[in-house]
Amino acid sequence: MTELTDITALLHSRIRDVDDYPKPGVVFKDITPLLADPVAFTALTDTFAGIAERTGATKVVGLEARGFILGAPVAVRAGLGFIPVRKAGKLPGATLGQAYDLEYGSAEIEVHAEDLSADDRVLIVDDVLATGGTAEASIKLIHRAGAQVAGVAVLMELGFLAGRSRLEAALGGAPLEALLTI
């Protein structure tokens, strides 16, 4: 338990609060200091790779855009394939799309369906779980591609936005692991 506490303290110490960004009243959680620190970034990558191993993941999905930065090294460290889930219109060729609602409007994400199979167990990696809309859409997208969700791993969960409760049904018992809860 001390090891996880030490990693949690290290990660938290490398996240910078930026007041009033991107709009007044919002406190943005900037992870660029964490990414710039090789000790902290390696600790995060190793922790997520451990989650991939524990969940039996065969692939890692990273959600655009910071999920790419975090998920790709996790996949390499764990010896797994990496699949980007992108905003609509960013992937060439045939894709599967999933629309979802935002606070003001809607969005759509896509994946190359041929990158996932019924034999795959997918760990979804992202930096922040806020309201859960993007994560929920990615879970639906993975299921539509025929794969299983092994779990969701995020650096930070903004607990006051209740994203975890939104994901419970979609996860169907798969774990949601947040290294920090804010």
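For reference, positions follow the sequence shown, starting with 1.
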Taking every heavy atom of A36 against every heavy atom of P38, the minimum-distance pair comes out as O-CD, 3.3 Å
List in chain and number order the residues that pass salt bridge (charged side-chain N to carboxylate O under 4.0 Å, His left out) with R166, two or more places apart in sequence or in another chain; answer none if no residue qualifies. E136
So how far is it from L96 CG to I109 CD1, rounded to the nearest 0.5 Å? 11.0 Å
I'd like to check the salt bridge (charged side-chain N to carboxylate O under 4.0 Å, His left out) partners of K140; sequence neighbours left out, ordered by chain and number. none
All N/O donor-acceptor pairs, side-chain side in residues 66-80, below 3.5 Å, sequence neighbours left out:
unit_1	atom_1	unit_2	atom_2	d
R66	NE	D127	OD2	2.6
R66	NH1	D127	OD2	3.4
R66	NH2	D127	OD2	2.8
R77	NE	D46	OD1	2.5
R77	NH2	D46	OD1	3.2

If a pair satisfies salt bridge (Lys or Arg N to Asp or Glu O under 4.0 Å) and one of its residues is in residues 109-119, list it, with sequence neighbours excluded. none
Side chain to side chain donor-acceptor pair (under 3.5 Å) filter on T181, not counting sequence neighbours, yields none
Salt bridge (charged side-chain N to carboxylate O under 4.0 Å, His left out) partners of E108, counting only residues at least two apart: none
In this structure, CD1 of I15 is separated from CG of D30 (nearest 0.5 Å) by 9.0 Å
Between V154 and V128, is any pair of side-chain heavy atoms under 4.5 Å apart? no
Run the side chain to side chain contact (heavy atoms under 4.5 Å, CB included) check on V125 and I51 step by step: do they pass? CA-CA 10 Å; V125 172; I51 294 169; over 6 Å; no
Rounded at 0.5 Å granularity, tell me how far CD in Q98 sits from OG1 in T134. 11.5 Å
With sequence neighbours excluded, residues passing side chain to side chain donor-acceptor pair (under 3.5 Å) with T45: none
Heavy atoms only: give me the nearest L116-A147 pair and the separation to one decimal. CB-CB, 4.2 Å
Has the side chain of D37 got a donor or acceptor atom that lies under 3.5 Å from a matching backbone atom of L34? no
Within one Ile-Leu-Val-Met-Phe-Trp-Tyr cluster: F160 and M156, side-chain cutoff 4.5 Å: yes
If two hydrophobic side chains count as joined below 4.5 Å and joins carry through other members, does L35 share a cluster with L10? no
Do the side-chain N and O atoms of S106 and Y100 include a donor-acceptor pair separated by under 3.5 angstrom? no
Can a donor-acceptor pair be found, under 3.5 Å and without considering hydrogens, that links the side chain of R144 to the backbone of G97? yes
Is there a side-chain contact between L167 and L129 (heavy atoms, below 4.5 Å)? yes
Side-chain donor-acceptor pairs under 3.5 Å in residues 81-92, sequence neighbours left out?
unit_1	atom_1	unit_2	atom_2	d
R86	NE	E64	OE1	2.7

Could you pull out all donor-acceptor pairs under 3.5 Å where a side-chain atom in residues 173-180 meets a protein atom, sequence neighbours excluded?
unit_1	atom_1	unit_2	atom_2	d
E177	OE1	R54	NH2	2.9
E177	OE2	R54	NH2	3.2

Let me see the working for V61 and L63 under side chain to side chain contact (heavy atoms under 4.5 Å, CB included), right down to the final yes or no. CA-CA 7 Å; V61 155; L63 304 181; 3.9 Å; yes
Heavy atoms only: give me the nearest T47-I7 pair and the separation to one decimal. OG1-CD1, 3.7 Å
Do V27 and V18 come within less than 4.5 Å of each other through their side chains, counting heavy atoms only? no
Partners passing side chain to side chain donor-acceptor pair (under 3.5 Å) against S138 (at least two apart in sequence or in another chain): none
Quick one: does any side-chain atom of R121 pair with a main-chain N or O of T55 as donor and acceptor, under 3.5 Å? yes
Applying salt bridge (charged side-chain N to carboxylate O under 4.0 Å, His left out) to E157 and not counting sequence neighbours gives R164
T58 and D120: side-chain donor and acceptor closer than 3.5 Å? yes
Got a sec, which pairs hit ring-ring contact (aromatic ring centres under 6.0 Å, His included) with one end in residues 5-25, sequence neighbours left out? Y21-F28
Quick one, V26 with D20, criterion side chain to side chain contact (heavy atoms under 4.5 Å, CB included). Give me CA distance, side-chain angles, the key distance, then yes/no. CA-CA 5 Å; V26 173; D20 299 320; over 6 Å; no
